[in-house]
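Take a look at the structure below.
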Amino acid sequence: MSGPTSPVLANYRVISHDDGSEEVEAHIEFMELAIQQAQLARPTQSAFNVGSLLVNGRQIIATGFSRELPGNTHAAQCAIAKSKSTHQAHMVQGSVLYSTMEPCSFRLSGNVPCSSHIIGAGIRQVVIGVKEPATFSDCQGVTRLLEAGIEVIHLKLLEEECLLPNIHLLS
């Protein structure tokens, strides 16, 4: 494949089934922890409940969930902000971010989008559970991350579980 989009597409993978590999098992384990974070978010009619986890190797650096911190914060934003006050802050550069939903590319509130926080933090890979539904906006988070050279893995086999904390918006 040639053309300007081939390097971007090469950084995007979809995992649709559990092949038993160590990589997929680790992704499932960490995404299940991110789902637990999403379940901590208080449901609202104006935003999704998302969970996030920052990981370096097998070590969890920080967790986050929607609206955890003051200021209408998103899950990835919370995890990145919280990581700065840990003794593992130096591990964020080159880490992996797990997010139950695609990181936002635009904030109606005017806050910095999660995709910008991720790019700025130097995160090397993002694993998402589900692409953001078009309920509130046309999210281009995956595209922004790929254009910045960040690898994105869509862990499609856990989509239903990742959407469950948002059933109040999607039913």
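The structure displayed is predicted, hence computed values, not measured ones.
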What heavy-atom pair brings [X] and [Y] nearest, and what distance separates the two atoms?
X    : Y    : result
R58  : A26  : NH1-CB, 3.4 Å
V50  : A75  : O-CB, 3.3 Å
H168 : A47  : NE2-O, 4.3 Å
S16  : L157 : O-CB, 3.5 Å
A79  : S52  : CB-OG, 4.2 Å
C114 : C104 : N-SG, 3.1 Å

Do the non-hydrogen side-chain atoms of [X] and [Y] ever get within less than 4.5 Å of each other?
X    : Y    : value
I150 : I118 : yes
I35  : C162 : yes
V96  : R124 : yes
T100 : P165 : no
H154 : I15  : no
E25  : D18  : yes
V142 : I128 : yes
Y98  : L33  : no

From CA spacing to verdict: salt bridge (charged side-chain N to carboxylate O under 4.0 Å, His left out), K131, E159: CA-CA 9 Å; K131 298 270 285 172; E159 274 192 340; over 6 Å; no
Residues E22, H27; criterion side-chain contact (heavy atoms from CB on, under 4.5 Å); working and verdict: CA-CA 9 Å; E22 191 175 310; H27 289 324; over 6 Å; no
Rounded to the nearest 0.5 Å, how far apart are [atom1] of [X] and [atom2] of [Y]?
X    : Y    : atom1 : atom2 : value
E161 : L155 : CD    : CG    : 9.5 Å
S83  : I60  : OG    : CD1   : 13.5 Å
M31  : L158 : CE    : CG    : 7.0 Å
Q140 : L146 : CD    : CG    : 11.0 Å

Give the cluster check for [X] versus [Y]: same hydrophobic cluster or not, with ILVMFWY residues linked at side-chain heavy-atom distances below 4.5 Å.
X    : Y    : value
V55  : I61  : no
I80  : M91  : yes
M101 : I167 : no
F30  : L97  : no
L54  : L40  : no

Criterion side-chain contact (heavy atoms from CB on, under 4.5 Å) on D138 and F106, from CA distance to verdict: CA-CA 9 Å; D138 177 24; F106 173 77; over 6 Å; no
Side-chain H-bond candidate by donor/acceptor type, N49 with R67, under 3.5 Å: yes
Aromatic contact, F48 with H74 (centres under 6.0 Å): no
Would you find a donor on one side and an acceptor on the other, under 3.5 Å apart, between the side chain of [X] and the backbone of [Y]?
X    : Y    : result
T73  : L69  : yes
H117 : A76  : no
E68  : F65  : yes
S115 : G141 : no
K82  : T63  : yes

Exceeds 12 heavy-atom contacts within 6.0 angstrom, atom CD of E23: yes
Lys/Arg-Asp/Glu bridge criterion (N-O < 4.0 Å) met for E102, R144: no
